[in-house]
Amino acid sequence: MDIETAEFLTGSKGLELLGTAKGISGGSFRLAKFLREETSPKLASALSTTLELRRKAEQKFSRAEAMLFTRSALEQASAEAISSYRCGRFTQSGIRRLADLCCSIAGDSISFAQQLEVIGIDLEPARLILAAHNIRVYQAAANFRTMQEDITRLDLSRLGVEAFFIDPARRTEKGTRLFHPESWSPKLSEITEIITKIPNAAVKCAPGIAHESIPQEAEAEFISYAGELRECLLWFGDLKCGIKRQATLLPGGHQLCGSNPRLEVTAIAEYIYEPDSAVIRAGLVELLGSQIGATKISESICFLTTDNFVPTPFAHGYRIISIFPYRPKELKKQLKELDCGSANIIKRGVGADIPTLLKQLKLKGTRHLDLILTRSFEEKVCLVVEPV
């Protein structure tokens with residue numbers, strides 16, 4: 001987005017048109033016609049995109065209907081509940097003034113600025129214009145100011161901040177995800193150089209970051225929200241809490257951390273558990289198993305099993321109805337006998353392509369079943385299960 005478009009969207013005319021356009025019924029054609037009559041094609045497109053992004057942003061922000069976004073900024077933005085949780089670590093550590101580096105449209109600064117003094121720093125002036133607007137939407141402008149700077153050339157120590165947060169760009173201009181930390185902008189090595197001057201820091205990463213890419217001095221917290229793995233936070237300096245790896249489940253705030261014991265591998269029992277993705281990525285499956293008295297079904301597969309059901313927020317539990325060897329022809333026969341007409345299939349350790357398999361099964365029954373395809377003692381098996 002260029003500066004002209006950003007200034008228009010945050011100005012009285014742009015905001016007025018957004019308010020009017022929101023109430024236009026009759027589909028996209030009528031909306032496009034109205035916007036083209038009121039302004040230029042470029043600005044009409046920006047207004048239409050904003051309305052679309054506001055609808056998508058409702059899953060992340062409580063005041064999305066008044067906010068302004070770019071598509072890439074919204075895709076990378078954390079959910080408001082995650083940002084609020086993250087801010088708690090800063091306030092609990094006694095931080096009162098921080099820098100939000102690569103602040104973009106202020107998705108994270110919103111939570112920070114409601115409790116702390118925040119300097120939002122970004123290289124893109126248009127995004128800073130949108131950031132200032134979004135902060136005003138949340139009535140936190142008194143605690144927020146922006147700076148247009150290249151953070152790799154900026155001496156943060158001169159700004160009087162006690163800590164910084166950064167969410168580096170992890171996509172190309174075309175939206176392709178960048179997985180290696182040295183392909184981010186800025187690179188992880190450049191971020192750790194900043195940490196030598198401002199030790200108290202939090203770095204937001206993609207949850208798929210390789211464990212070997214995590215700096216030795218960092219603590220890693222893997223966060224899932226509403227059952228979906230969302231991000232990994234790397235904590236540095238006084239923001240660390242002495243836990244090397246942690247799984248956090250939001251919005252409940254459940255946390256799992258500790259040392260992994262050795263779990264026995266046994267036959268599948270009465271119940272099977274699929275750990276939350278945050279637990280898996282944090283490498284804490286064995287710890288969870290020890291807490292619920294479970295064993296593993298394979299050395300290399302994360303499923304846990306018990307004879308008696310033990311409730312836990314860290315896994316989905318299933319009661320096993322039946323179990324048989326997994327072979328497509330055998331599976332088709334068994335599901336026909338079970339009157340299966342549709343199925344939800346979870347797989348781990350089995351290379352089946354689920355859409356292709358469902359076509360091959362040609363299910364025609366009346367029942368919906370939950371299936372798990374996995375391995376037990378390296379033998380491929382199918383479990384017919386029901387959620388507990």
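Index from 1, following the sequence.
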Between atom CG of Asp100 and atom CE of Met147, what is the distance when rounded to the nearest 0.5 Å?
13.0 Å
Between NZ on residue Lys332 and NZ on residue Lys362, distance to nearest 0.5 Å:
5.0 Å
Side-chain contact, heavy-atom cut-off 4.5 Å: Ile323 with Val384?
no
Looking only at heavy atoms, which two atoms of Pro328 and Leu361 are closest? And how far apart?
O-CD2, 4.2 Å
Under a 3.5 Å cutoff, is there a donor and acceptor pairing between the side chains of Arg170 and Ser183?
no
Which pairs with one or both residues in residues 81-95 pass salt bridge (charged side-chain N to carboxylate O under 4.0 Å, His left out), sequence neighbours excluded?
Arg86-Asp108, Arg86-Glu231, Arg89-Glu221
Got a sec: does the CG of Asp370 have more than 12 other heavy atoms crowding it under 6.0 Å?
yes
Phe61: ring pair (Phe, Tyr, Trp, His ring centres under 6.0 Å) partners, not counting sequence neighbours
Phe69
With Ile129 as reference, evaluate Leu68, Thr146, Thr10 under the side chain to side chain contact (heavy atoms under 4.5 Å, CB included) test and give the passing residue.
Thr10
Looking only at heavy atoms, which two atoms of Leu18 and Arg54 are closest? And how far apart?
CD1-NH2, 3.7 Å
In Å, rounded to the nearest 0.5 Å, how long is the span from CG of Leu249 to OH of Tyr225?
12.5 Å
Evaluate the side-chain proximity of Asp122 to Ile151: yes if any heavy-atom separation is below 4.5 Å, no if none is.
no
Stepwise, does the side-chain contact (heavy atoms from CB on, under 4.5 Å) test hold for Tyr85 with Ser111?
CA-CA 9 Å; Tyr85 163 78; Ser111 293; over 6 Å; no
Scan residues 117-166 for pairs that pass ring pair (Phe, Tyr, Trp, His ring centres under 6.0 Å), counting only residues two or more places apart or in two chains.
Phe112-Phe165
Which residues pass the ring pair (Phe, Tyr, Trp, His ring centres under 6.0 Å) test with Tyr318, not counting sequence neighbours?
none
Reported CG-to-CG distance for the pair Leu234 and Leu239, which is rounded to 0.5 angstrom
12.0 Å
For Glu212, check salt bridge (charged side-chain N to carboxylate O under 4.0 Å, His left out) against everything at least two apart and list the hits.
none
As a quick check of understanding, evaluate side chain to side chain donor-acceptor pair (under 3.5 Å) for Thr266 and Thr295, giving each step before the final call.
CA-CA 6 Å; Thr266 68; Thr295 56; 2.6 Å; yes
Under a 4.0 Å threshold between the charged nitrogen and the carboxylate oxygen, would Glu37 count as salt-bridged to Lys33?
yes
Would you mind reporting whether Lys296 and Phe303 have side-chain heavy atoms less than 4.5 Å apart?
no
Going by atom types alone, do Ser78 and Lys204 pair a side-chain donor with an acceptor below 3.5 Å?
yes
Does a side-chain heavy-atom distance below 4.5 Å link Phe324 with Leu383?
no
Mind jotting down which residue pairs meet the side-chain hydrogen bond (donor to acceptor under 3.5 Å, both in side chains) criterion with at least one end in residues 186-197? Sequence neighbours excluded, please.
Glu182-Ser189
Under 6.0 Å from the CG atom of Asn308, do we count more than 12 heavy atoms belonging to anything else shown?
no
So Thr366 and Asp339, side chain to side chain donor-acceptor pair (under 3.5 Å) or not? Walk me through it.
CA-CA 6 Å; Thr366 61; Asp339 191 30; 2.3 Å; yes
Begin from the C-alpha positions of Glu378 and Ser298 and carry the test side-chain contact (heavy atoms from CB on, under 4.5 Å) through to its verdict.
CA-CA 7 Å; Glu378 305 313 311; Ser298 168; 3.2 Å; yes
Is there a donor-acceptor contact under 3.5 Å from the side chain of Asn143 to the main chain of Ala113?
yes
Donor + acceptor pair across side chains of Gln246, Thr248 (<3.5 Å)
yes
Asp150 vs Leu154, test: side-chain contact (heavy atoms from CB on, under 4.5 Å). Steps then yes/no.
CA-CA 6 Å; Asp150 180 347; Leu154 177 65; over 6 Å; no
Tell me whether Arg230 is salt-bridged to Glu228, with the criterion being a basic N under 4.0 Å from an acidic carboxylate O.
yes
Going from OG on Ser224 to CZ on Phe314, what distance comes out if it is rounded to the nearest 0.5 angstrom?
9.0 Å
Val161 and Ala99 have their tightest heavy-atom pair at CG1-N, 3.9 Å
Close side-chain approach of Leu128 and Cys103, heavy atoms under 4.5 Å
yes
So, for Leu358 and Ala343, which heavy atoms are closest and what is the spacing to 0.1 Å?
CD2-O, 4.3 Å
Working note: Asn200 + Glu162, criterion side chain to side chain donor-acceptor pair (under 3.5 Å); need CA distance, chi angles, decisive distance, verdict.
CA-CA 7 Å; Asn200 302 326; Glu162 303 163 287; over 6 Å; no
Run Asn344 and Leu371 through side-chain contact (heavy atoms from CB on, under 4.5 Å) and show every step you take.
CA-CA 6 Å; Asn344 175 51; Leu371 309 177; over 6 Å; no
Is a salt bridge present between Glu65 and Arg55, judged by a nitrogen-to-oxygen distance below 4.0 Å?
no
Sequence neighbours left out, what passes side-chain hydrogen bond (donor to acceptor under 3.5 Å, both in side chains) with Glu4? Give chain and number order.
Lys42
Sequence neighbours left out, what passes side-chain hydrogen bond (donor to acceptor under 3.5 Å, both in side chains) with Ser72? Give chain and number order.
Arg127
Taking atom types as modelled, is there a side-chain donor on Ser157 or Asp155 under 3.5 Å from an acceptor on the other?
yes
Atom CG in Leu335, atom CG in Leu369: separation rounded to 0.5 Å?
6.5 Å
Applying salt bridge (charged side-chain N to carboxylate O under 4.0 Å, His left out) as the test, list every pair that has at least one member in residues 241-269; sequence neighbours left out.
Arg262-Glu299
Qualifying residues under ring pair (Phe, Tyr, Trp, His ring centres under 6.0 Å), relative to His180, sequence neighbours excluded:
none
Taking the side chain as every heavy atom from C-beta outward, state whether Leu17 and Phe34 have any pair of such atoms under 4.5 Å apart.
yes
What ring pair (Phe, Tyr, Trp, His ring centres under 6.0 Å) pairs are there with at least one residue in residues 254-285, not counting sequence neighbours?
Tyr271-Phe309, Tyr273-Phe309
Check the surroundings of atom CZ in Arg97: do more than 12 heavy atoms from other residues, nucleotides or ligands lie under 6.0 Å from it?
yes
Does any part of the side chain of Asp167, heavy atoms only, come nearer than 4.5 Å to the side chain of Cys102, both counted from C-beta?
no
Tell me whether Lys56 is salt-bridged to Glu52, with the criterion being a basic N under 4.0 Å from an acidic carboxylate O.
yes
Going by salt bridge (charged side-chain N to carboxylate O under 4.0 Å, His left out), name the pairs with one or both residues in residues 267-284, residues two or more places apart or in two chains.
Glu274-Arg348
